[in-house]
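Reminder, nothing fancy here: chain letters follow the sequence lines and each chain counts from 1. Nothing here was measured: the structure is a model prediction, and the numbers come from that model.
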Amino acid sequence: MKGARFVSVVLRRADLRTAFPPRFVARLKGRTVARLDRRAKYLLAVLSSGDTLLMHLGMSGSFRVERAARTVPHDHVVFHMSSGRSVSFNDPRRFGLMDLLTPRQLAAHATLSRLGPEPLSAAFDAAALARACRGKKTSLKAALLDQRVVAGLGNIYVVEALYLARLSPLRRASTIATPSGAPRPAAFRLAAAIKTVLEDAIARTSKPYRQSDRFQVYDRAGERCRTPRCMGSIAQRTQAGRTSYYCPVCQR
DNA sequence: ATTGAGACCTGTCGGC
DNA sequence: TGCCGACAGGTCTCAA
């Protein structure tokens, strides 16, 4: 899409998680994609008009880039680009999102403007994590899912990071910081674990992997804990509406 | 202000 | 084999 122009835009279904803004198609048509960006789980295409096309895949969304556009079930939006490629947005569950924001709307966006640091950036470290968790009465699990604490972690990677850091998902978020907000040792372990888990996941996206080895704890209720010398078995419970998997023995 | 629960929607899977 | 309920990797809103 980068450097290409929207020749035509087909809305095959205009009710994703939110409705498309007025004149969505007209405002895209003829514009060039100046830049493609990502913030947390949001994709942003900055257009020659100054507007930004904001996209989110939800739980089941995906894009397909093709030279000759096919149509498959659940294709909701198709961009025909001047490069000769078509870009199809497919989303069975329709939790995805597309919006078109003016520069003013982008700057004031309620969700985007409140997002925490990117977990793989230098801005995210033990000190930043501790500061964000300071005084939080909620669980570590809920805190890490809160996109204002750290941006872009979902349920699986929160579960995996807590396991690697040997921290219980049930533990109070505030306990990784001192009362003044300085990082305790747990904050260093957790920040490092988050980076490791994400880097590993990204490295694996380009390689074939065995489905069964994707995760260390996620979806492994009842299995032996894989931490060396730990005799625990993986427990499962619901927190804040999401499923946590953890070892009650080595995660404290 | 913070927190948890419910809502959104469809596909898949396990159990009967 | 077929039906049915439970559940799913994410936000977002609302009410306590």
Side-chain angles (χ1 to χ4, degrees), chain A residues 11-21 38-44 54-63 72-77 88-99 101 105-106 108-116 118-119 131-164 169-177 181 194 197-202 204-205 209-222 234-246:
Chain A
L11 289 194
R12 307 194 58 249
R13 174 140 200 182
D15 55 334
L16 300 180
R17 191 170 86 218
T18 59
F20 287 81
R38 178 195 62 75
R39 189 74 177 88
K41 295 172 197 163
Y42 292 89
L43 306 168
L44 298 89
L54 182 71
M55 299 167 279
H56 195 292
L57 297 175
M59 294 229 260
S60 58
S62 64
F63 283 104
V72 307
H74 308 300
D75 279 353
H76 305 313
V77 185
S88 302
F89 176 69
N90 185 283
D91 184 9
R93 210 171 158 185
R94 283 193 285 128
F95 277 20
L97 158 87
M98 277 204 197
D99 204 352
L101 307 172
Q105 289 173 322
L106 178 65
H109 196 277
T111 301
L112 291 177
S113 64
R114 287 172 179 73
L115 288 172
E118 286 290 329
R131 234 180 294 123
C133 288
R134 173 188 178 187
K136 271 200 175 291
K137 292 190 172 72
T138 191
S139 64
L140 267 184
K141 169 66 182 281
L144 293 181
L145 281 175
D146 185 340
Q147 303 294 299
R148 296 168 301 184
V149 171
V150 51
L153 290 184
N155 192 42
I156 289 182
Y157 294 126
V158 167
V159 165
E160 293 289 306
L162 287 167
Y163 180 69
L164 183 58
L170 310 176
R171 178 170 163 157
R172 244 182 197 235
S174 62
T175 62
I176 69 167
I194 288 167
V197 160
L198 292 181
E199 280 162 359
D200 286 357
I202 291 166
R204 273 191 315 234
T205 59
Y209 58 84
R210 278 188 301 159
Q211 186 79 10
S212 61
D213 278 351
R214 280 201 302 170
F215 310 120
Q216 293 296 309
V217 261
Y218 181 81
D219 206 20
R220 292 189 180 279
I234 304 306
Q236 167 180 356
R237 64 172 279 173
T238 300
Q239 285 183 281
R242 322 302 304 283
T243 310
S244 287
Y245 299 86
Y246 63 104

Item to check | Those residues that, when tested against A:R17, pass side-chain hydrogen bond (donor to acceptor under 3.5 Å, both in side chains) (two or more places apart) | outcome: none
Checklist entry - How long is the span from the CZ atom in A:F215 to the CD1 atom in A:I156, to the nearest 0.5 Å? => result 4.0 Å
Checklist outcome for this item: Note, DNA chain C 5' to 3' with Watson-Crick or G-U pairs under 3.5 Å encoded as ( ), [ ], | and . gives .|||||||.|||||||
Checklist entry - Under 3.5 Å, is there a donor-acceptor pair between the side chain of A:D75 and the main chain of A:V72? => result yes
Item to check | Atom pair CZ (A:R171) and OG (A:S139), whose distance is rounded to the nearest 0.5 Å | outcome: 12.0 Å
Checklist entry - Can you tell me how far NE2 of A:H56 sits from OG1 of A:T18, rounded to the nearest 0.5 angstrom? => result 11.0 Å
Checklist entry - What string of B, S and - do you get for nucleotides 6-12 of chain B, 5' to 3', when a contact is any protein heavy atom under 4.0 Å? => result --BBBS-
Item to check | A:Q216 backbone acceptor or donor facing A:E160 side chain under 3.5 Å | outcome: yes
Checklist entry - How far, in whole Å, is B:dT3 from C:dG9 if one measures between their C1' atoms? => result 23 Å
Item to check | Spacing between A:L115 atom CG and C:dG10 atom P, to the nearest angstrom | outcome: 14 Å
Checklist entry - Which whole-number value in Å describes the distance from A:D219 CG to B:dC13 P? => result 12 Å
Checklist entry - What are the two closest heavy atoms between A:C133 and A:A143, and how far apart are they? => result SG-CB, 4.4 Å
Checklist entry - Which part of the nucleic acid does A:T18 contact within heavy-atom distance under 4.0 Å: base, sugar-phosphate only, or nothing? => result nothing
Checklist entry - Which residue pairs satisfy the side-chain hydrogen bond (donor to acceptor under 3.5 Å, both in side chains) criterion with at least one member in residues 140-152 of chain A, sequence neighbours excluded? => result A:K141-A:N155, A:K141-A:S244, A:D146-A:R148
Next on the checklist: Would you call the rings of A:F89 and A:F63 parallel, tilted or perpendicular, taking 30° and 60° as the class edges?
Outcome noted: tilted
Item to check | Under 3.5 Å donor-acceptor, A:N90 side chain and A:P73 backbone | outcome: yes
Checklist outcome for this item: Expected list for residues 148-164 of chain A near DNA chain C, using heavy atoms below 4.0 Å, is A:G154, A:N155, A:I156
Checklist outcome for this item: Ordered by number, residues from residues 134-147 of chain A within less than 4.0 Å of DNA chain B (heavy atoms) are A:K136, A:K137, A:T138
Next on the checklist: With rounding to the closest Å, how many angstrom separate the P atoms on B:dC9 and C:dC14?
Outcome noted: 16 Å
Checklist entry - Tell me: CD of A:Q239 to C1' of C:dC7, nearest whole Å? => result 17 Å
Checklist entry - When rounded to the nearest 0.5 angstrom, what distance separates CE in A:M59 from CZ in A:F95? => result 5.0 Å
Checklist entry - Hey, what do you get for CZ (A:R93) to NE2 (A:H74), rounding to the nearest 0.5 Å? => result 12.5 Å
Checklist entry - At under 4.0 Å between heavy atoms, what does A:S60 touch on the DNA or RNA strands: base, sugar-phosphate, or nothing? => result nothing
Checklist entry - Taking A:R94 for the side chain and A:D15 for the main chain, is one N or O donor matched with an acceptor at less than 3.5 Å? => result yes
Item to check | d(CZ, A:R220; P, C:dG9) in whole Å | outcome: 16 Å
Checklist entry - Nearest-Å distance, NE2 (A:H56) to P (C:dC12)? => result 7 Å
Item to check | Nearest-Å distance for atom pair OH/P, residues A:Y42 and C:dG10 | outcome: 12 Å
Next on the checklist: As an exercise, state the distance from NE2 of A:H109 to CG of A:L115, rounded to the nearest 0.5 Å.
Outcome noted: 9.0 Å
Checklist entry - When the P atoms of C:dA6 and B:dG6 are considered, how many whole Å apart are they? => result 14 Å
Checklist outcome for this item: Separation of C:dT11 atom C1' from A:R39 atom CZ, nearest Å, is 16 Å
